[in-house]
There are 2 protein chains.
Amino acid sequence: MAARLDALDRKILAELQEDAGQSLDEIAGKVGSSKTPVWNRIRKLREAGVIRRQTVLLDAEALGFDACFFVLIRTSEHEAAWQKAFLAALRARPEVQEAHRLAGDIDYILKVRVANARAYDAFYQALISEVKIHNVTALLSMEEIKSTTVLPV
Amino acid sequence: MAARLDALDRKILAELQEDAGQSLDEIAGKVGSSKTPVWNRIRKLREAGVIRRQTVLLDAEALGFDACFFVLIRTSEHEAAWQKAFLAALRARPEVQEAHRLAGDIDYILKVRVANARAYDAFYQALISEVKIHNVTALLSMEEIKSTTVLPV
DNA sequence: GATGAAACTCAGTGCGA
DNA sequence: TCGCACTGAGTTTCATC
């Protein structure tokens with residue numbers, strides 16, 4: 001699965017992660033190459049799926065999303081049908097920003113961004129009414145110390 | 001703090017989050033406006049800090065980051081100096097993708113992306129050698145069910 | 001692969017409505 | 001505030017080294 005990338009590919013990815021709005025000339029200058037090879041490599045990285053999407057990151061608080069919860073979930077259900085329903089519910093809810101199935105004691109972790117505690121409760125009530133969940137612990141974020149999508153390529 | 005945005009602003013943000021590579025004309029067409037107003041609004045949203053950065057999202061597994069941990073941290077230290085050192089350590093480490101200070105029992109949660117369990121252990125050893133930490137629980141992700149940066153504007 | 005140039009598209013600006 | 005048209009800049013392609 002891991003793509004083989006050389007040093008130039010990695011430099012290009014680092015620049016794109018840093019600022020995807022740069023022109024090809026700017027990137028080429030910084031990575032010590034020129035326009036066409038940089039462009040060809042970006043295209044290949046895109047085709048190979050290494051570059052997934054190009055997006056903008058918004059300021060959640062400026063948009064009124066003032067509360068962020070990490071939700072630890074234990075379930076007693078482990079059948080395929082239950083899991084399918086649970087995953088579909090998570091994928092359908094836009095307030096769920098991350099969802100991972102875990103090894104060990106706790107079965108799932110979610111990162112949920114909502115306007116306030118009341119909105120979280122609405123989300124929680126909706127979720128448990130859709131699928132049976134054994135035990136839920138919500139951790140309320142007081143401060144986002146760090147949040148990055150940049151991978152150290 | 002919350003910026004006041006009208007329906008058109010929100011539609012534009014939704015489009016940009018979906019695909020920031022679209023041309024202004026494409027966005028204008030989809031949101032039912034034309035180029036100039038869309039461009040002006042994007043500029044203002046950028047200046048207001050609603051749009052933070054433009055970036056590419058990479059496939060972590062394609063780049064060899066096969067392990068993702070959520071790390072729950074309890075500390076006995078609550079002095080300013082300790083906290084400053086801890087935050088600096090987190091910010092300096094590129095494998096830390098998210099770090100939040102929490103309310104309640106658990107003090108911090110981290111999301112850490114590394115090549116494998118061995119790399120996580122190296123990170124963990126380095127971190128506890130830098131700052132004193134009372135109790136650490138690592139939750140290993142088996143499956144990334146969902147991961148998005150899109151806010152439901 | 002890299003380079004350079006040509007063709008085309010788009011972002012950004014100014015103006016008129 | 002919007003829509004239109006213009007221009008310089010940037011992207012994409014192609015031929016050549």
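Just so it is clear, the structure is predicted and the values come from calculations on it, not from any experiment. Naming convention: chains lettered A, B, ... in sequence-line order (proteins, then strands); numbering from 1 in each chain. These values consider heavy atoms only, across backbone and side chains, with no hydrogens, waters or symmetry-generated copies.
Across the protein-nucleic acid pair, A/Q22 atom CD and D/dT11 atom C1' stand 15 Å apart, rounded to whole Å. One interatomic measurement links the two molecules: CG of B/L24 to C1' of D/dA5, which rounds to 15 Å at whole-angstrom precision. Atom CD1 of A/I12 and atom P of D/dT11 are 13 Å apart (whole Å). Atom C1' of nucleotide D/dT12 and atom CD of A/E47 are separated by 14 Å, given to the nearest angstrom.
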Under 3.5 Å, side-chain donor or acceptor atoms of residues 98-106 of chain A against the rest of the protein: list the pairs with distances, not counting sequence neighbours.
| residue | atom | partner | partner atom | Å |
| --- | --- | --- | --- | --- |
| A/E98 | OE1 | A/H100 | NE2 | 2.8 |
| A/E98 | OE1 | B/K111 | NZ | 3.2 |
| A/E98 | OE2 | B/K111 | NZ | 2.7 |
| A/H100 | ND1 | B/S141 | OG | 2.7 |
| A/R101 | NE | B/E143 | OE1 | 2.8 |
| A/R101 | NH2 | B/E143 | OE1 | 3.2 |
| A/D105 | OD1 | A/R74 | NE | 3.4 |
| A/D105 | OD2 | A/R74 | NH2 | 2.9 |

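Using a 3.5 Å distance cut-off with no hydrogens or angles, the side chains of A/Q97 and B/K146 do not pair a donor with an acceptor.
Of the residues listed (A/R41, A/R43, A/R4), the one engaging A/D9 in a salt bridge (charged side-chain N to carboxylate O under 4.0 Å, His left out) is A/R41, and it is the only one.
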task: Mind running salt bridge (Lys or Arg N to Asp or Glu O under 4.0 Å) on A/K11 and A/D6 for me, showing each step along the way?
output: CA-CA 9 Å; A/K11 282 190 205 167; A/D6 66 10; over 6 Å; no

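Under the rule for a ring-ring contact (aromatic ring centres under 6.0 Å, His included), the partners of B/F86 that lie at least two apart in sequence or sit in another chain are B/W82, B/Y108.
Between A/E26 and A/R43, the residue anchored closer to the 5' end of DNA chain D is A/E26, taking for each the nucleotide with the nearest heavy atom.
For the pair A/E18 and B/R53, the minimum side-chain heavy-atom distance is below 4.5 Å.
Contact between the side-chain N/O atoms of B/W39 and the OP1/OP2 oxygens of C/dG12 is found at a separation under 4.0 Å.
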Where do N or O atoms of nucleotides 2-5 of chain C meet protein N or O atoms at under 3.5 Å, pair by pair?
| residue | atom | partner | partner atom | Å |
| --- | --- | --- | --- | --- |
| C/dT3 | OP2 | A/S34 | OG | 2.6 |
| C/dG4 | O6 | A/T36 | OG1 | 2.9 |

